[in-house]
Q: 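Got a structure for you, written out below as structure tokens; questions coming shortly.
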There are 2 protein chains.
Amino acid sequence: MNDHPIRILIADDHPVVRAGLRAVLETEPGFTIVAEAATAERAVELAAAGGTDVVLMDLQFGGGMNGSQATAAITARPGAPRVLIVTTYDTDADTLPAIEAGATGYLLKDAPPEELAAAVRTAAAGRTTLAPAVADRLMNRLRAPHSSLTRRETEVLTLVAEGLSNQRVSERLHLTQATVKSHLAHIYAKLGVDSRTAAVAAALGLGIIRR
Amino acid sequence: MNDHPIRILIADDHPVVRAGLRAVLETEPGFTIVAEAATAERAVELAAAGGTDVVLMDLQFGGGMNGSQATAAITARPGAPRVLIVTTYDTDADTLPAIEAGATGYLLKDAPPEELAAAVRTAAAGRTTLAPAVADRLMNRLRAPHSSLTRRETEVLTLVAEGLSNQRVSERLHLTQATVKSHLAHIYAKLGVDSRTAAVAAALGLGIIRR
DNA sequence: CCGGGCATCGATCAAAAGGTGGAGACGCCC
DNA sequence: GGGCGTCTCCACCTTTTGATCGATGCCCGG
């Protein structure tokens, strides 16, 4: 298992970040950067071609496929490399899809170089490294009753978060106001709040909706 | 003016980003990286010590002083170096304070290496480089009537954004509901909306309030 | 010293939102 | 087939919010 260096693929749309990861990892013994990808699609291609042990994957790409989707595509194949998420910010909305997609680890870009190198070795061995902040939130998530909204409820809440009235929401979704109010009542119960603005605040905090 | 290479200070709390900027810029002729700073405070110290032409400044640091404050501190001194903001995301809330603080340019980290190098040269000459996305938003900002809220209005809106009712806001600020409603009416007029949730959405979009 | 912006409060009235307690239709799974 | 969750809708009522008039005191700059 230790007869070759760990072969690494760097996937990030920022040239500066790619150069930085390369600079940090190339000084470590036992690592080889075999390729870089500036898009998620390209990362999936390169990973599928083989010859890679660990993929360092950003979550945000300029457009097209995002990092979680790429991770799912990569890990779906037999003999796939491990995927280590290396991103700047962590919210529930980012972390959960990535982990569900089969990421082996989740690091933040402010990690010191030693931690990054250690995480790559851990990932190559198939074990998990989580940034402390991410681990904390995941634990809280498991403790809290899982309050996931249905697809329709999320649609309604997203429009409400844009400042639309019940009337406008009902028009946009081709519903009656009664239905919108019904959805909102369920949303309030699930989120433990009692007004639309509080629901938006809670959902933003939980990463259920964006912006 | 061209008798020495451009002396650069890199200020960013991410080791990876520092390494990346260094890797990108060191390959360019006429550039010398004279120092790195992992905190905004350290950047101010190093810049004050002299011997620097251009500071590459991130806006977000882990804690303490942020990049805009550091920029203000650096540019306040006579003979100060130019400050070029190099950050990941751009919102009004980030851009405006940095520019008011005296930044010479504003780039995003997804800029290609050539653009970064060109911006450093431009900054060293005292002229401005703006990322296209930033330039766009600044133009829109100038066209739109500048709707800045008063301190009190911002306080009220911040609490409203946390989901509090008028009653709760009035308690928290030791006011009557009448006063809160009066502030809200002014806020709606300034933001061009007609409900609290829409005001929160608009204020988040404009960077007037956070999270 | 006067005007204007700011912050504070009051009273009404109309509209919107929220609370309660339903109900029917659909799909899914055991 | 029966239960469960989701999505849809209705009626009635209370509370909250917003709109529109006000008013007062304070401070600051021309």
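Predicted model only: the values in this text are computed from it and were never measured. In what follows, every chain begins at residue 1, and chains take the letters A, B, ... in the order their sequences are listed.
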Q: Give the rounded distance in Å between these two atoms: NE2 of B:His186 and P of D:dG18.
A: 14 Å
Q: Under 4.0 Å between a side-chain nitrogen and a carboxylate oxygen: does that hold for B:Glu36 and B:Arg42?
A: no
Q: Separation of B:Ile187 atom CD1 from C:dA7 atom C1', in whole Å?
A: 13 Å
Q: Ion pair present between A:Arg7 and A:Asp53, side-chain N to carboxylate O less than 4.0 angstrom?
A: yes
Q: Between A:Tyr188 and B:Thr150, name the one whose nearest nucleotide on DNA chain C is closer to the 5' end.
A: B:Thr150
Q: Around atom CZ of B:Arg121, are there more than 12 heavy atoms of other residues, nucleotides or ligands at under 6.0 Å?
A: yes
Q: Could you check how far CG of A:Leu157 sits from C1' of C:dA17, rounded to whole Å?
A: 15 Å
Q: Would the distance check show the side chain of A:Tyr188 and the main-chain N or O of A:Ala199 forming a donor-acceptor pair, the cut-off being under 3.5 Å?
A: no
Q: Just by distance, do the side chain of B:Glu41 and the backbone of B:Met65 share a donor-acceptor pair under 3.5 Å?
A: yes
Q: All N/O contacts under 3.5 Å from nucleotides 21-25 of chain C to the protein, with atom names and distances to one decimal?
A:
none

Q: Taking atom C1' of D:dG18 as reference, at what distance in whole Å does atom CD of B:Gln167 sit?
A: 16 Å
Q: Within residues 195-203 of chain A, which residues have any heavy atom lying less than 4.0 Å from an atom of DNA chain C?
A: A:Ser195, A:Arg196
Q: Measure from the side chain of B:Ser165, starting at C-beta and using heavy atoms only, and say which of C:dA7, D:dC7, D:dT17 lies closest.
A: D:dT17
Q: Does A:Pro112 offer a backbone N or O that forms a donor-acceptor pair with the side chain of A:Glu115 under 3.5 Å?
A: no
Q: Would you say a side-chain N or O of A:Asn166 is under 4.0 Å from OP1 or OP2 of C:dA16?
A: no
Q: Is a donor on one side and an acceptor on the other found under 3.5 Å between the side chain of A:Arg18 and the backbone of A:Asp12?
A: yes
Q: Separation of B:Lys181 atom NZ from D:dT17 atom P, in whole Å?
A: 8 Å
Q: Does B:Thr128 reach the main-chain N or O of B:Thr104 with its side chain, forming a donor-acceptor pair under 3.5 Å?
A: yes
Q: Consider the side chain of A:Arg152, meaning its heavy atoms from C-beta on, and name the nucleotide among D:dT17, C:dT8, D:dC7 that approaches it most closely.
A: D:dC7
Q: Expressed in angstrom and rounded to an integer, what is the separation of A:Arg151 atom CZ from D:dG5 atom C1'?
A: 13 Å
Q: When you measure from the side chain of A:His183, which nucleotide among C:dG19, D:dC7, D:dG18 comes out closest?
A: D:dC7
Q: Check the side chains of A:Thr197 and B:Thr197 for a donor-acceptor pair under 3.5 angstrom, ignoring hydrogens and angles.
A: yes
Q: Flag the pair B:Arg172 and B:Glu155 as a salt bridge only when some basic side-chain nitrogen lies within less than 4.0 angstrom of an acidic carboxylate oxygen.
A: no
Q: B:Leu184 CG to D:dT20 C1': how many Å, rounded?
A: 15 Å
Q: Starting at atom CG of B:Asp194, determine the distance to atom C1' of D:dT20, rounded to an integer number of angstrom.
A: 15 Å
Q: Using a 4.0 Å cut-off on heavy atoms, which residues in residues 168-179 of chain B reach DNA chain C? List them by number, or say none.
A: B:Leu175, B:Thr176, B:Ala178, B:Thr179
Q: Which pair of non-hydrogen atoms, one from B:Leu159 and one from B:Val169, has the smallest distance, and what is that distance?
A: CB-CG2, 3.9 Å
Q: So, A:Ser182 side chain and A:Ala178 main chain: donor-acceptor pair closer than 3.5 Å or not?
A: no
